[in-house]
Amino acid sequence: MGEPFVKIRDIHKSFGKTQVLKGVDLDVEKGDVVTLMGPSGTGKTTLLRCINLLERPEQGSITIGDETIECGKLTKKAMVSFRRNTTMVFQNYNLFKNKTVLENVMEGLVSVQKKSKEEAREIAMEELVKVNMEDKINAYPSEISGGQQQRAGIARALALKPKVILLDEPTSALDPELVGGVLDIIKDIAKTGITMIIVTHEMRFARKISTKVVFMDGGYIVETGAPDELFENPKEERTKKFLEKIMH
Amino acid sequence: MFELFKVVEFFPKMLETFVYTIWVVIGSVFISFALAVPIAVIRIKKIPLISQFCEVWLSFIRSMPGILELFLAYFVLPGMLDKVGIDTSDWSGTTFVLIAMVFHYAPFISEILRPAYLSVDIGQHEAAASIGLTGFQTFVKIIAPQTLPVALPLLCNAAIDTVKDTSLLFTIGVIDLMGKADLIIADSYGMSKMEAYLTVAIYYWILTVGVIAIFRQWEKYFKKYKLSTGIKLKS
Ligand SMILES: Nc1ncnc2c1ncn2[C@@H]1O[C@H](COP(=O)(O)OP(=O)(O)OP(=O)(O)O)[C@@H](O)[C@H]1O
Ligand SMILES: [Mg+2]
């Protein structure tokens, strides 16, 4: 086997005096659907944000495809450019409030990828159809439900055809009756072969869609494995404890 | 004795001055706003030295009566500029008026824009970054359009204050509406004070109502975003 598609090495991130990531290594193959799980406050969100460079790690390196960055010495320009390898789906959607659903999805295509308005609209419509949002394209975010906002958020992230799509608890802010719909859409996307890293507490869902499950605790990756293996036979004591707690 | 027909007579006499006042207001508001944007950015980013300078500037103008700023611009500034070799003898009164206005309103408006900018959720910045927008694109396409609707009511107040500040111009010999009224009164040997001042009041009222109408229009445009999550007012 050659080099992994995504190679994360020795990522350190602190906020003030609190060290949150204490040296994280992670390999992701092309087309992998990786689930990150672990107790609250262990740095799952922080890790995703580091990969998208919304946070800037003090140390470590990230490779995506054929691009590598050393996090210690990053110019602003290099950050913006490397960030374009990934897109992010946020827990609280973060749709642009001054733009319609369609404009939200078109924005990156026009401003970042410099596509014509017509082409951008076509691509955006395709993605919006995939997430069943074609009849809400002209609504502003304040006019639609959380589930609809999140589906638009997923379309916005997909439209740019990033090398990796990052999802941070995409359903945890949703009303229970809306969760299923969004999970179904993520499941469909996972099948398309896109590389995906997702933080979720929906364990049955994670087990079904993942090719790889990663358990984090205390700023480290404790254990990595295939979903059946990790859920049935966790090797590490901490993983066992965590699974016991959330399965009951 | 009050004679209504004199108001009708004075009204067209003051029209030219009225138009001049409008231009002073427009010029002052636009230049101040254009400068307020970078000042706000400097203060938000806390750029060393210039941001401290801007804070002192803001605190200074907040404490100053408008007439003092006008006098400083008109009576003190030329001497200072003369020392560095700039001759102001052929500058018009209007130039000094604009200098005084902008000196006051640029930092003042920056203090309207700053909290409005900060009221935009951090998630909006992050979402923009996450799809690869540059800082500048984020500002122009996402943040500024959400900042403006928040700032508009206070910007409207600032514009109305500007309108009223024009009534100080006659103190440095520029003929504003007040100055024109005094000229008309002098012409009638002091007999038509009431009518002249009433005409001035009507013009100021028209100007203010006009400013409010323009800002209302603008606010209406931004209503479509439905940014407000507070109580819904009956429309
Ligand atoms: N911007 C920040 N400033 C200071 N501390 C932060 C910041 N962001 C995160 N932290 C801290 O870093 C730690 C890890 O946070 P993170 O959000 O990554 O955890 P998480 O694993 O995603 O938890 P959860 O499951 O609750 O979402 C927490 O202790 C948190 O308080
Ligand atoms: Mg989190």
Side-chain angles (χ1 to χ4, degrees), chain A residues 45 48-49 51-56 76-77 79-100 103-114 124 138-144 149 152-153 155-162 164-168 173, chain B residues 37 40-42 44-48 113 115-153 155 215 217-235:
Chain A
T45 297
L48 282 195
R49 290 168 60 86
I51 298 171
N52 193 227
L53 295 180
L54 289 177
E55 304 292 353
R56 179 197 184 133
K76 213 168 199 174
K77 216 170 153 192
M79 263 172 94
V80 172
S81 142
F82 189 81
R83 189 183 277 141
R84 290 175 181 170
N85 289 310
T86 58
T87 54
M88 184 102 163
V89 174
F90 297 88
Q91 192 169 356
N92 49 359
Y93 337 125
N94 287 340
L95 289 185
F96 303 130
K97 292 179 186 169
N98 60 321
K99 301 207 170 277
T100 63
E103 289 165 347
N104 262 275
V105 182
M106 285 171 62
E107 187 57 49
L109 295 165
V110 174
S111 299
V112 178
Q113 301 187 347
K114 309 290 177 205
N138 292 320
Y140 283 93
S142 56
E143 298 170 314
I144 56 178
Q149 288 185 60
R156 179 175 68 183
L158 280 178
L160 297 168
K161 310 263 181 321
V164 183
I165 175 168
L166 309 165
L167 302 96
D168 186 16
Chain B
V37 172
V41 171
I42 287 166
I44 289 164
K45 293 198 165 181
K46 300 214 163 67
I47 296 173
L113 298 180
Y117 174 93
L118 294 176
S119 77
V120 178
D121 183 30
I122 178 79
Q124 298 289 305
H125 293 263
E126 295 189 337
S130 80
I131 61 165
L133 297 190
T134 62
F136 183 72
Q137 287 173 327
T138 303
F139 180 74
V140 172
K141 304 203 160 207
I142 311 297
I143 308 302
Q146 295 184 47
T147 300
L148 259 188
V150 179
L152 278 178
L155 287 175
F215 276 86
Q217 239 5 73
W218 217 359
E219 282 175 40
K220 228 187 238 165
Y221 171 80
F222 287 115
K223 283 239 168 70
K224 64 181 184 184
Y225 301 159
K226 301 195 179 65
L227 288 177
S228 164
T229 49
I231 41 170
K232 299 273 174 286
L233 299 174
K234 283 183 195 148
S235 46

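Keep in mind that what you see is a predicted model, and the values were worked out from it rather than measured. Residue numbers start from 1 in every chain, and the chains themselves are labelled A, B, ... in the order their sequence lines are given, proteins ahead of strands.
The nearest pair of heavy atoms linking B:Ile131 to A:Val112 is O-CG2, 3.4 Å. Here the closest non-hydrogen pair linking B:Ala129 and A:Leu54 is CB-CD2, 3.8 Å.
The stretch residues 86-95 of chain A participates, sequence neighbours left out, in no salt bridge (Lys or Arg N to Asp or Glu O under 4.0 Å) pair at all.
Heavy-atom distances place the backbone of A:Leu95, and not its side chain, under 4.5 Å from chain B. Residue A:Phe90 touches chain B through its side chain alone, counting heavy-atom pairs closer than 4.5 Å.
Among the candidates B:Gly135, B:Ala128, B:Ala127, the residue making the largest number of heavy-atom pairs closer than 4.5 Å to chain A is B:Ala127.
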What are the sub-3.5 Å donor-acceptor pairs between chain B and chain A, distances to 0.1 Å?
from     : atom 1 : to       : atom 2 : distance (Å)
B:Gln124 : OE1    : A:Lys97  : N      : 3.2
B:Gln124 : NE2    : A:Leu95  : O      : 2.9
B:Glu126 : OE1    : A:Arg49  : NH1    : 2.9
B:Glu126 : OE2    : A:Arg49  : NH1    : 3.2
B:Glu126 : OE2    : A:Arg49  : NH2    : 2.6
B:Gly132 : O      : A:Arg84  : NE     : 2.9
B:Gly132 : O      : A:Arg84  : NH2    : 2.6
B:Gln137 : NE2    : A:Ser111 : O      : 3.0
B:Lys141 : O      : A:Asn98  : ND2    : 2.9
B:Lys141 : NZ     : A:Ser111 : OG     : 3.1
B:Gln146 : NE2    : A:Asn98  : OD1    : 3.2
B:Tyr225 : O      : A:Ser142 : OG     : 3.2
B:Lys226 : NZ     : A:Glu143 : OE2    : 2.6

